[in-house]
Amino acid sequence: MKKLFIMMSLFLSVSTITMGQEDKAALKALQKQAKTQMAEAQKVYDAITAKINEKTATEEEIMTECKKGQSLIRKAINSGAIADNKLGEAYKLSADLALQPHNTMLGHAASNEPFDTAFFYTNLKILTSALQKELQNTKVTKGETGNENYLKSKKASLAQCGDYYIYAGQFNSSNSQFDKAIEAYETALNYTKTYPEVADMVKLRIPGEQIAYYAYHAAHDGKLYDKMDELYEQAMKFEEGAVGTKQVKVISFLERGDSTTWANFLREMTVEDPKANEEYIQKLIAYYLKKDKDAGSESNQLLKYVDEIIAVDPSILIAHYGKAYKYFEAEDYDKAFDAYIKCTEIKPDYYDAWYQSGLCKFRQALALNATISGIKNQAEAKQVLEKTKSIFSEAIPYFEKARECTPDEPQKWAFELRQCYTVTGQAAKAAEMDKLL
């Protein structure tokens with residue numbers, strides 16, 4: 001048994017040695033292939049650079065040859081077979097091969113000429129990655145023959161590329177490539193974190209909140225709602241676009257078919273700052289009116305909401321009007337009247353509030369008048385009649401105020417005034433209203 005164990009151990013040792021030799025051979029082959037690819041890529045770069053310097057290279061040649069060289073050097077880098085002391089050189093070549101097409105496309109962009117925007121973005125990512133890796137894998141040497149100044153120029157190039165990611169975001173948005181647009185914008189937003197080597201040198205042409213604003217709207221255009229929600233707070237910091245950003249956020253909930261979240265979002269926003277959001281208060285009033293109607297007479301979601309608004313800012317006219325409307329719809333005319341009068345205090349020339357105030361009295365008088373025929377006691381009936389006339393009389397000043405607000409539109413108040421003047425025995429004034437009708 002002992003002899004067999006020794007033989008197995010020897011067999012395993014020989015196998016291990018054999019596999020190690022195969023690995024070494026495979027690695028050597030990979031290293032040779034990577035070296036060849038790198039040399040071929042360098043030849044491609046040298047050849048096209050010579051033609052560029054001679055000004056004989058066409059744009060098509062620049063693009064084609066640099067793509068060819070880039071393919072070779074990327075294969076070499078991705079193989080993992082390049083020696084550590086050669087990695088800086090490899091990434092330098094990759095960056096150089098990306099820079100020529102990059103500059104060519106920038107020239108087209110500056111002249112508003114067409115170019116391959118998808119390739120611009122792909123090439124830009126290769127460029128910035130290569131510049132970063134070159135810096136990470138190149139040892140700094142000082143003195144007259146050192147590379148210190150050269151590497152500083154490389155850092156400056158990498159720092160400048162932050163702006164180009166903003167361009168890429170705009171190009172991708174224009175082509176409806178919204179996911180790539182957001183990716184590009186977010187790279188610009190996080191540029192100093194992604195490329196800490198140049199964090200102290202990056203000066204983007206627009207502030208971060210404006211980049212977030214662009215990314216936010218790209219997310220909306222692409223219906224990428226989760227990304228919208230993620231970018232919202234930062235995009236809102238861009239004050240020039242804050243109104244539009246907020247509008248898009250509101251619209252997006254309806255696009256998602258989520259009216260509940262829409263209402264909750266608007267409620268929180270309007271209660272926090274009623275004065276800045278009166279348009280949305282009006283939308284929510286309409287929403288809660290319908291919710292109350294669907295839920296039945298016991299539902300008072302609207303009243304709870306407008307009371308929240310009024311508690312924060314009592315000057316919000318539409319909140320008082322919504323409250324008045326809700327009471328009027330429920331035929332609670334006393335409360336409706338008080339709320340409409342509050343509207344006239346806020347806006348003295350508010351025709352509708354004056355008219356509705358008069359209508360509250362008018363409806364009360366009509367309701368009381370309808371009971372008279374059922375009263376058998378004449379004295380009591382007469383008393384109710386006089387009360388009815390009195391309420392019609394109370395309505396007149398409010399209808400007259402409505403008339404003052406819209407003197408050239410008698411169809412808005414003349415009918416009710418004629419009725420009130422007729423019932424209260426003011427025949428001449430009733431006739432005047434008749435003529436206006």
Side-chain angles (χ1 to χ4, degrees), residues 266-267 270-271 273-275 277-371 383-407 409 412-421 423-424:
L266 284 191
R267 187 168 190 153
T270 53
V271 170
D273 189 357
K275 186 63 72 177
N277 294 290
E278 292 189 65
E279 177 187 347
Y280 293 121
I281 293 172
Q282 187 168 358
K283 290 180 184 295
L284 266 189
I285 286 172
Y287 172 81
Y288 284 127
L289 275 171
K290 186 177 185 306
K291 292 288 284 186
D292 283 347
K293 187 176 182 179
D294 292 343
S297 59
E298 297 302 313
S299 180
N300 286 312
Q301 294 186 65
L302 171 63
L303 292 177
K304 292 176 183 176
Y305 169 62
V306 293
D307 280 342
E308 286 182 57
I309 295 294
I310 292 168
V312 175
D313 189 342
S315 71
I316 303 300
L317 178 63
I318 189 62
H320 291 283
Y321 192 86
K323 189 173 189 177
Y325 185 91
K326 173 68 175 175
Y327 283 134
F328 187 88
E329 190 179 55
E331 299 183 7
D332 191 342
Y333 296 120
D334 285 334
K335 289 182 180 178
F337 176 83
D338 291 340
Y340 282 127
I341 290 300
K342 184 62 181 178
C343 292
T344 66
E345 292 172 1
I346 297 171
K347 190 176 189 306
D349 62 347
Y350 193 6
Y351 153 79
D352 206 48
W354 287 116
Y355 173 80
Q356 290 295 135
S357 298
L359 200 58
C360 287
K361 299 291 184 180
F362 190 83
R363 290 284 184 88
Q364 286 179 317
L366 288 177
L368 189 58
N369 187 62
T371 66
Q383 188 177 12
V384 173
L385 177 60
E386 291 304 316
K387 179 63 175 176
T388 300
K389 290 179 181 180
S390 175
I391 298 174
F392 273 120
S393 182
E394 290 174 15
I396 291 174
Y398 303 105
F399 287 134
E400 286 289 2
K401 290 292 291 186
R403 179 184 183 181
E404 287 179 23
C405 295
T406 56
E409 299 177 81
K412 289 186 173 182
W413 38 261
F415 175 80
E416 287 80 7
L417 276 174
R418 182 185 65 180
Q419 296 295 97
C420 291
Y421 284 134
V423 171
T424 57

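In this text the structure is predicted, and so the values were computed from the model without any measurement. Residue numbers run from 1 in the order of the sequence given.
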Donor-acceptor contact present, side-chain [X] to main-chain [Y], <3.5 Å:
| X | Y | value |
| --- | --- | --- |
| Asn369 | Ala365 | no |
| Trp413 | Thr406 | yes |
| Thr388 | Val384 | yes |
| Thr424 | Cys420 | yes |

Could you walk me through whether Tyr305 and Val271 satisfy the side chain to side chain contact (heavy atoms under 4.5 Å, CB included) test, starting with their C-alpha distance in whole Å, then the side-chain angles of each, then the deciding distance to 0.1 Å, before giving a yes or no? CA-CA 9 Å; Tyr305 169 62; Val271 170; 4.3 Å; yes
Verdict with supporting geometry, Arg267 and Tyr288, side-chain hydrogen bond (donor to acceptor under 3.5 Å, both in side chains): CA-CA 11 Å; Arg267 187 168 190 153; Tyr288 284 127; 3.0 Å; yes
Measure the [atom1]-[atom2] distance between [X] and [Y] for me, rounded to the nearest 0.5 Å.
| X | Y | atom1 | atom2 | answer |
| --- | --- | --- | --- | --- |
| Glu400 | Leu417 | CD | CG | 5.0 Å |
| Glu278 | Ile309 | CD | CD1 | 9.5 Å |
| Gln364 | Leu359 | CD | CG | 10.5 Å |
| Thr270 | Ile318 | OG1 | CD1 | 12.0 Å |
| Asn300 | Lys323 | CG | NZ | 11.0 Å |
| Cys343 | Gln356 | SG | CD | 10.0 Å |

Is it the case that more than 12 heavy atoms not belonging to [X] sit under 6.0 Å from its [atom1] atom?
| X | atom1 | answer |
| --- | --- | --- |
| Gln282 | CD | no |
| Lys335 | NZ | no |
| Gln383 | CD | no |
| Tyr350 | OH | yes |
| Lys347 | NZ | yes |

Between Lys275 and Ser315, a side-chain donor and acceptor under 3.5 Å: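 Yes, Ser315 and Lys275 have a side-chain donor paired with an acceptor closer than 3.5 Å.
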Check: Asp292/Ser299 side-chain N/O donor and acceptor closer than 3.5 Å: yes
Side chain to side chain contact (heavy atoms under 4.5 Å, CB included) assessment of Phe415 paired with Gln419: CA-CA 6 Å; Phe415 175 80; Gln419 296 295 97; 4.1 Å; yes
Verify side chain to side chain contact (heavy atoms under 4.5 Å, CB included) between His320 and Ile310, making sure each step is shown before the conclusion. CA-CA 8 Å; His320 291 283; Ile310 292 168; 3.6 Å; yes
Taking the side chain as everything from C-beta on, heavy atoms only, tell me whether Glu386 gets closer than 4.5 Å to Lys389. yes
Do Phe392 and Leu366 make a side-chain contact, defined as non-hydrogen atoms from C-beta onward lying under 4.5 Å apart?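 SC-SC contact between Phe392 and Leu366 confirmed.
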Is the NZ or CZ atom of Lys361 positioned over Phe337's six-membered ring, under 6.0 angstrom from the centre and within 45° of the axis?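 Ring-cation test returns yes.
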Can you confirm if the aromatic rings of Tyr355 and Tyr398 lie within a centre distance of less than 6.0 Å?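 Distance test on ring centres: not under 6.0 Å, no.
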List the steps and the verdict of side chain to side chain contact (heavy atoms under 4.5 Å, CB included) for Leu302 and Tyr287. CA-CA 8 Å; Leu302 171 63; Tyr287 172 81; over 6 Å; no
Checking ring pair (Phe, Tyr, Trp, His ring centres under 6.0 Å) against Tyr333, which of Tyr340, Phe328, Tyr327 comes through?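 Per the ring pair (Phe, Tyr, Trp, His ring centres under 6.0 Å) rule, the option paired with Tyr333 is Phe328, out of Tyr340, Phe328, Tyr327.
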So if I apply the side chain to side chain contact (heavy atoms under 4.5 Å, CB included) rule between Ile316 and each of Ile281, Ile346, Asn277, which one comes out positive?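 So, applying the side chain to side chain contact (heavy atoms under 4.5 Å, CB included) to Ile316 and each of Ile281, Ile346, Asn277, only Ile281 qualifies.
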Does a side-chain N-to-carboxylate-O contact under 4.0 Å join Lys290 and Asp294? yes
Note: Lys326-Asp332 ion pair, threshold 4.0 Å (strictly below): no
Locate the shortest heavy-atom distance separating Cys405 from Pro348; write the atom from each residue and the value. SG-O, 4.4 Å
